[in-house]
There are 2 protein chains.
Amino acid sequence: MKSVTLKDVAKAAGVSYATVSRALSGSPQIGSETRERIIKLCDEMGYTTNYVARSMVMKKTDLIGLVVPSIDNQFNSELAYYAEMSARSHGYNIMLCNSGPDMKQEKTVVKLLLGRQVDGILIVPQSPKTYENIRAYADQVPTVFLSENLRDQPQSYVAVDNSRGAYIGTKYLYELGHRDILYFGRRHSTTHQLRAEGYMKACQELGLRQRFFNSEFSHSSINNGYQLARDLFSKSLDYTAIFASTDSNALGIMKAADEMHIDIPNRLSLIGFDNITATGMPRIELTTIEQPKREMAVQAVDMLRDKIENGTQGYVHQILLPTLIKRGTCRPLG
Amino acid sequence: MKSVTLKDVAKAAGVSYATVSRALSGSPQIGSETRERIIKLCDEMGYTTNYVARSMVMKKTDLIGLVVPSIDNQFNSELAYYAEMSARSHGYNIMLCNSGPDMKQEKTVVKLLLGRQVDGILIVPQSPKTYENIRAYADQVPTVFLSENLRDQPQSYVAVDNSRGAYIGTKYLYELGHRDILYFGRRHSTTHQLRAEGYMKACQELGLRQRFFNSEFSHSSINNGYQLARDLFSKSLDYTAIFASTDSNALGIMKAADEMHIDIPNRLSLIGFDNITATGMPRIELTTIEQPKREMAVQAVDMLRDKIENGTQGYVHQILLPTLIKRGTCRPLG
DNA sequence: TTTTATGCTGCAAACGTTTGCGGCTTTTGA
DNA sequence: TCAAAAGCCGCAAACGTTTGCAGCATAAAA
């Protein structure tokens, strides 16, 4: 268990450990024969530099704290995947924390991360109030928010153009001939507000009546969507398409529709938002709006790196473009 | 950005920083008024103990390295979720690394983790060869393998009873009246070998003919399953049920079947293995064998903690029980 | 040969903690 | 009143690096 230190290989090489450190870090003031001899020796002895000691003196841990509401959520885990890959390729490691389900835990893990001396924090907010919740800490270390729009807050974030996403989705339904489109989902976070706005904008432009069916449940889950949709479908179906504010909701709607024998897509067209993996599964094939998760994650770590390495001050709001993914749940009307 | 140190609050409190340290750690040799005064002061000044300095002297980082082939995989991300929650509740933080897709990267990240001085490593192997691949490192730090059976290897791991899972799945099909059951999937990792063995055992006991359709593709994905199933279905359908060695494969099979108008479950019953989230989605409703992911993750970190904290030597093979999840893809025959 | 420059290496401080040990003050017991 | 015990607290070393600075040898220049 006792690992070999600089001192050990220095002794073996017959030089001071400062020399070994310099040889490894490629300092130009070390002779090339000495360097090679030392490097070879390090290899043989299985030396790996102790990052905690290194971090101590460098005042830099090369660690990025990644906090997500819960990593088992498809959307988050995809973001995490790309974030980790990208971070590592730039020499950073990821410290993972689940912040859900309550605000207290979110605060706790962020504080924890600070104690760990992470160089920066990447956070996908668990609620619209996250910014307030962790503001005190976000000022102490480079932080970028991921996937949730903060709109007017003085904080860096990267997110899709949620409004545009809903806009193109609605327009697509229109082009398919639909004139009665229901917007399904909550609206109390900025993200969801924006989506609703995109829908409304499309409706205005196209001369459509705006119709909402929303709730203020906290998490957008399949089950929530399902429960809600059962309510919805027990009333008259005076619309031909639904724009669901999240894929999870859409999936719930789909389940309810199947149970109540409402034919998707023939009687009802359905479109979601996010393009989570399940939407591409056989039999589901949900038409949806894609969030470019890879790009989002990569941009977020780039932004964070910029703050960390260049000390960039201020904040930037990076908005990426969503894409319409046509699959099987939308049909031309008539 | 400059954080407040022990020294700072010591100066403010008018005591030495050793006293502050002791007050915080609850040492009995500090007077209670002093302690309370110090704690209050720490709060006000926003002091958080620097974990890297602490780790340095304690020779313990309270860090667990979690390496998974790719966190965006449902199965892995669920394990990761529970592992992180459990680890954190015991004072550990998780350092996340994706090891996929190649063996080289797996080795690299494990080496990295060692450099980070993690107290232990939790690894879900990316291939049957993982053990060989990282053995050199696994000897240097407490390590437990997750979800993959290592069978005779002298290493701790926790996994389901894969054999039993396949056994009960096959038996279930038998009880439904099926007599011609095809086993679909690869067999070259221990895990998959065990599943195949469970199937064979059931066949023997029940007097069924054993039928295999397998391949040696490296990753069990929906697409692989799909491609293979298209092949399979182009030949005669002289079986009434398929036991797929993974849910991913089963999903691929389902897709191919739908395309080729083979009615699941009426013409063909299908059962998977793993119970990944997608299987419970509307329209899919795949009958499957559940791996108790939460329990697996929790047990794995318990095991790891035991090694770390008590220095427990030797190894233990923890086998958990799988459960049959009855959903919609299996029908009684006749 | 002497001086200067150049190339390489070692010394030691610093990073922010934890903790054994010694010392001071106060209380207790006789 | 004095000694011993007890209760608190500070000193300083240690953890394993990085790096500014000084020092030594050798090579080049005068």
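First the proteins, then the strands, lettered A, B, ... as listed; each starts at 1. Remember, predicted model here, so these are calculated numbers, not experimental data.
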Legend entry - Segment of DNA chain C, first to last nucleotide, that comes within the 4.0 Å heavy-atom reach of chain B: C/dG16 to C/dG20

Inset, instruction - With DNA chain C as reference, determine whether B/Thr49 or B/Arg22 sits nearer its 5' end, using the nearest nucleotide of each. - result: B/Thr49

Legend entry - pair A/Ile121-A/Val110: side-chain heavy atoms closer than 4.5 Å: yes

Legend entry - Note: A/Arg88-A/Glu84 ion pair, threshold 4.0 Å (strictly below): yes

Inset, instruction - Return the value, rounded to whole Å, for the distance between atom CD1 of B/Ile30 and atom P of D/dA6. - result: 19 Å

Legend entry - Lys/Arg N to Asp/Glu carboxylate O, B/Arg305 vs B/Asp302, below 4.0 Å: yes

Legend entry - Nearest-nucleotide comparison on DNA chain D, the residue closer to the 5′ end among B/Ala53 and B/Ser16: B/Ser16

Legend entry - Charged N-O contact under 4.0 Å between A/Glu132 and A/Arg135: yes

Inset, instruction - Find out whether A/Asn93 and A/Asp62 are in side-chain contact, i.e. whether some heavy atom of one side chain is under 4.5 Å from a heavy atom of the other. - result: no

Legend entry - Sugar-phosphate, base or nothing in reach of A/Tyr17, heavy atoms under 4.0 Å: base

Inset, instruction - Remember a base hit wins even if backbone is also touched, and classify A/Thr5 as base, sugar-phosphate or nothing at under 4.0 Å, heavy atoms. - result: sugar-phosphate

Legend entry - Within-4.5 Å side-chain heavy-atom neighbours: B/Val141 and B/Asp119: no

Inset, instruction - Classify the nucleic acid contact of A/Val15 as base, sugar-phosphate or nothing, counting any heavy atom under 4.0 Å across all strands shown. - result: sugar-phosphate

Inset, instruction - Give B/Thr34 one of three labels, base, sugar-phosphate or nothing, depending on what nucleic acid heavy atoms sit under 4.0 Å from its own. - result: sugar-phosphate

Legend entry - Most 5' of B/Lys59 and B/Val20 on DNA chain D, judged by nearest nucleotide: B/Val20

